[in-house]
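None of these values were measured; they are calculated from a predicted model.
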There are 2 protein chains.
Amino acid sequence: MSESASPVKFRPEEIPAELGGLRMTKQRKEVYCLLMDQRDHPTAQDVFIRAKERMPNISLATVYNCLEALVNHELVRQVNFDRAPSRYCPNLEEHVHFQDLETGAIHDVVFKKGININDFLELPEGVEVRELELTLKGIMPSSTKKN
Amino acid sequence: MSESASPVKFRPEEIPAELGGLRMTKQRKEVYCLLMDQRDHPTAQDVFIRAKERMPNISLATVYNCLEALVNHELVRQVNFDRAPSRYCPNLEEHVHFQDLETGAIHDVVFKKGININDFLELPEGVEVRELELTLKGIMPSSTKKN
DNA sequence: AGAAAGAATTGGAACAATTCTAATTAAATT
DNA sequence: AATTTAATTAGAATTGTTCCAATTCTTTCT
Ligand SMILES: [Mn+2]
Ligand SMILES: [Mn+2]
Ligand SMILES: [Zn+2]
Ligand SMILES: [Zn+2]
């Protein structure tokens, strides 16, 4: 499980002009940095509020556009818990999400090493899984919480 | 995997006046029967359209109310795929959902017998999982499809 | 049974998240 | 520099869902 803030601060000027085939505009860099920087799965609104601090003229539409572009180019992942506002995650490793019901915080959870989908699901022969989304909700002991 | 229509037809008049602590009104019986009857994970709109055939005056608000009541009393499950309209499922066995990307059809998938969440996820010690939602999308071979 | 209270249904208004539109600005290409 | 292409912006529109207040239905009480 991880919620640890990355030790380095991502700065827009360090981001190359193109990333994964996507032209990185000023706004896209800002949104991307902010996600990489505070890896806490913010909503589009959260991103909008944070982005405005360094870029007061950015619009909510642009935030949505940037997030969509980043998601389409697989630089960022969109995470849905039920029908709550989508959240965005810059962790590209295969992982799933756990929401602490006490704090609302979302944590990344990885699969056991070497585990395969057919090891735990009774999938019919020949089915090809293209997308998997797994979300968990529950309670974390406070000892685990602070790390 | 299952999409098999149940062989018996559920009729509202067979439903008891109360189910799992929920008073079964005429509308709730209708909605519940219809879900039990065609186990294809319809949306609220789908339910509304189907319900109107036998109950032309039912309102969409009532369909939402009924579904909410049934879900709260754990007679029916709400299923979300990304931000698409919620779907409703009368299968109370523990299971997850697979959507066929070619047809849009949703199929129930069960866990391997005896499997535990800690067998496939790297969950920190002491975390208590209260809810789990797993959705899959992919391609089914047409042989598997028709059963 | 009849009256009163409580609960559910209804149609339409309100809502929240997201998407769309058309105008403006910025960047890339010629 | 002029032209073409792409991105950003503010605000309107859309969509699924929830809320509201009035009406109807059911249950409880006398
Ligand atoms: Mn859920
Ligand atoms: Mn998804
Ligand atoms: Zn994540
Ligand atoms: Zn199901």
Side-chain angles (χ1 to χ4, degrees), chain A residues 12-13 15-34 41-52 54-73 75-88 104, chain B residues 12-13 15-34 41-52 54-73 75-89 104 106:
Chain A
E13 38 282 3
I15 308 287
E18 195 187 295
L19 217 53
L22 179 67
R23 210 180 105 206
M24 293 302 278
T25 63
K26 202 155 56 76
Q27 290 82 347
R28 285 173 186 165
K29 284 177 181 172
E30 187 57 44
V31 167
Y32 182 66
C33 276
L34 177 163
H41 305 86
T43 63
Q45 269 297 330
D46 294 337
V47 171
F48 179 47
I49 289 164
R50 290 184 202 172
K52 271 201 291 200
R54 308 182 77 246
M55 222 182 204
N57 295 325
I58 197 170
S59 80
L60 181 56
T62 298
V63 169
Y64 273 104
N65 289 342
C66 291
L67 290 169
E68 184 184 45
L70 291 166
V71 167
N72 287 340
H73 287 74
L75 297 167
V76 155
R77 296 250 260 264
Q78 185 170 7
V79 178
N80 298 301
F81 272 84
D82 298 321
R83 302 198 54 77
S86 288
R87 293 166 172 275
Y88 296 87
Chain B
E13 38 282 2
I15 307 288
E18 195 187 295
L19 218 55
L22 179 67
R23 212 180 104 206
M24 293 302 279
T25 63
K26 202 155 57 76
Q27 290 82 346
R28 286 172 186 164
K29 283 176 182 171
E30 187 57 43
V31 167
Y32 182 65
C33 276
L34 178 160
H41 304 87
T43 64
Q45 269 297 329
D46 295 337
V47 171
F48 180 48
I49 289 164
R50 290 184 202 172
K52 271 202 290 201
R54 309 180 77 245
M55 223 181 205
N57 293 326
I58 197 169
S59 78
L60 181 56
T62 297
V63 170
Y64 273 105
N65 289 342
C66 290
L67 290 169
E68 183 184 46
L70 292 166
V71 168
N72 287 339
H73 287 75
L75 297 167
V76 155
R77 296 249 261 264
Q78 185 170 6
V79 178
N80 298 300
F81 273 84
D82 297 322
R83 301 199 55 76
S86 287
R87 292 164 172 277
Y88 296 87
C89 167
I106 290 173

Criterion side chain to side chain contact (heavy atoms under 4.5 Å, CB included) on A/N57 and A/K52, from CA distance to verdict: CA-CA 7 Å; A/N57 295 325; A/K52 271 201 291 200; over 6 Å; no
Distance below 4.0 Å between B/Q27 side-chain N/O and C/dT10 OP1 or OP2: yes
Gap between atoms CD1 and P, on A/I58 and C/dA26 respectively (whole Å): 14 Å
A/T25 side-chain N/O to D/dA6 phosphate OP1/OP2 under 4.0 Å: no
Contact under 4.0 Å: A/R23 side-chain N or O vs D/dA6 OP1/OP2: no
Under-4.0 Å side-chain N/O to phosphate OP1/OP2 contact, A/S86 with C/dT18: yes
Check: A/Q78 main-chain N/O paired with A/R87 side-chain donor or acceptor under 3.5 Å: no
Gap between atoms CD and P, on B/E30 and C/dT9 respectively (whole Å): 12 Å
D/dT17 OP1/OP2 closer than 4.0 Å to side-chain N/O of B/Y64: yes
Approximate separation, where rounding is to 0.5 Å, of B/R50 CZ and B/I58 CD1: 13.5 Å
Sugar-phosphate, base or nothing in reach of A/N65, heavy atoms under 4.0 Å: base
Nucleotide nearest A/A61 when distance is taken to its side chain, options C/dT9, C/dT18, D/dG11: D/dG11
A/T62 side-chain N/O to D/dA7 phosphate OP1/OP2 under 4.0 Å: no
B/R83 side chain to A/D82 backbone, donor-acceptor under 3.5 Å: no
Distance in angstrom units between B/N72 CG and C/dA8 P, rounded: 12 Å
Interatomic distance where CZ belongs to A/R87 and P belongs to C/dT18 [whole Å]: 11 Å
Rounded distance (Å) that lies between atom P of C/dA26 and atom CE of A/M55: 11 Å
side-chain N/O A/R83 vs D/dG16 OP1/OP2, d < 4.0 Å: no
Euclidean distance, atom CZ of residue B/R28 to atom C1' of C/dT9 [Å, nearest integer]: 10 Å
Atom pair distance, as rounded to whole Å: CD in A/E68 and C1' in D/dA6: 14 Å
Rounded distance (Å) that lies between atom P of C/dA17 and atom CG of A/N80: 13 Å
Pair A/N65-A/T62, side-chain donor/acceptor within less than 3.5 Å: no
